[in-house]
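All remarks here apply to the structure that follows.
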2 protein chains.
Amino acid sequence: MPSRRSPSAPPADPSAAHVRSDPVYVVKAQLFRVLGHPLRIRILELLRDGERTVGDLQAELELDSSGTSQHLAALRQQSVLDSRRVGTSVYYRIRDPRISQLLAIAKEILTSALSDSHALLSDLADEARPRPRSR
Amino acid sequence: MPSRRSPSAPPADPSAAHVRSDPVYVVKAQLFRVLGHPLRIRILELLRDGERTVGDLQAELELDSSGTSQHLAALRQQSVLDSRRVGTSVYYRIRDPRISQLLAIAKEILTSALSDSHALLSDLADEARPRPRSR
DNA sequence: AGCCAATCTTATTGAGTATTAAGAATATAA
DNA sequence: TTATATTCTTAATACTCAATAAGATTGGCT
């Protein structure tokens, strides 16, 4: 019950809640949040090259059907995935190719962040030695 | 305690845990997860046009300094933000411009998803009328 | 220097919510 | 009906968020 707060709480500036619950930001956050799970990232990478059946994904993920289904449902609920049924199998696919783009960019960001920290480590190591810096 | 299951559970294939906890997927998921909060999305949009102080952000978000600081710390911990101190103020900025790109793509995805469902609504409305489909 | 105020960070708590696994229930196709 | 695929339910655990209070750093004042 989001309308109640506590017995005698002050009005508590309602404009702050606006920022927090503004649908625009909530919807964006929900999209990112559903991507924020290792198994769901893995699912999306498996689906990057084309659609797959639930049983197929289940085997690759080494998950039970219940867990697989729940993660797929979470992604489908945010319109990240589409599904179609063929006989007894259900095929899932990425609905919008820009989702894959999102993953690719995340990978780039993390890759360069990691190489930055790697470079920093090297600099620290260099600093320990008496050799002068060339750059 | 992830090592316990139930009184007499079978060993339960340990390789499944590998997929779940593979650092590659965990790190990617953490990046998306930290973006998965409306206030943090809002912070990033405020920072898109340049750096800001904590007090500045705090005022725009209508949040207290502690809450502001905690969200900023979460983003900084995932290397999304950088900070620098000038006197008593701390300025935050987006570390990698590709983060803004991530937000822009998310916006595109959501925009087209919404216009799809809007178009679907129109189609449903048309279907209720006897007028033949022109396309 | 010594002290105070402003700014920001960190730690802690509690309430609410999400995630997980396992099993039951459901639906569909062969 | 049987097998397959998925959803629903339940319960235990874990996490997130917001709010408070305490701590640290800086600048300015006297």
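All chains are named by letter (A, B, ...) in the order of the sequence lines, taking the proteins before the strands, and each is independently numbered beginning at 1.
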Practice item. State which of C:dA21, C:dT19, C:dT9 makes the closest approach to the side chain of B:S65. Key: C:dT9
Check your understanding: Base, sugar-phosphate alone, or nothing: which one does A:Q58 contact when heavy atoms must sit under 4.0 Å apart?
Key -> nothing
Practice item. Would you tell me if any nitrogen or oxygen in the side chain of B:R85 comes within less than 4.0 Å of OP1 or OP2 on C:dT7? Key: no
Review point. Side chains of B:S112 and A:R98: is there a donor and an acceptor less than 3.5 Å apart?
Key: yes
Study note, to complete from the structure: Regarding the side chain of B:R40, the nearest nucleotide among C:dC8, D:dT7, D:dC17 is D:dC17
Point to revise | Any donor-acceptor N or O pair under 3.5 Å, side chains A:R84, A:Y92 | key: no
Revision key, fill the gap. With the side chain defined as heavy atoms from C-beta on, B:S66 is closest, among C:dT19, C:dT9, D:dT20, to D:dT20
Review point. OP1, OP2 of D:dT4 versus side-chain N and O of A:T88: anything below 4.0 Å?
Key: no
Study note, to complete from the structure: Between A:Q70 and B:T68, the residue closer to the 5' end of DNA chain C by nearest nucleotide is B:T68
Practice item. Would you tell me if any nitrogen or oxygen in the side chain of B:R33 comes within less than 4.0 Å of OP1 or OP2 on D:dT16? Key: yes
Check your understanding: For the side chain of B:Y92, counting heavy atoms from C-beta on, which of C:dT9, C:dT20, D:dT6 is nearest?
Key -> C:dT9
Check your understanding: Should A:H37 be listed as having a side-chain N or O under 4.0 Å from OP1 or OP2 of C:dT20?
Key -> yes
**Study point:** d(CG, B:D64; C1', D:dT20) in whole Å
**Key:** 9 Å
Review point. Is any side-chain N of the basic residue among A:E45 and B:K28 closer than 4.0 Å to the acidic one's carboxylate O?
Key: yes
Practice item. Report the residue (A:G36 or A:G87) whose heavy-atom-nearest nucleotide on DNA chain C is the more 5′ of the two. Key: A:G36
Check your understanding: Taking the side chain of A:V54 as heavy atoms from C-beta outward, which of C:dT20, D:dA5, D:dG27 is closest to it?
Key -> D:dA5
Review point. Within less than 4.0 Å of OP1 or OP2 of C:dT20, is there a side-chain N or O belonging to A:H71?
Key: yes
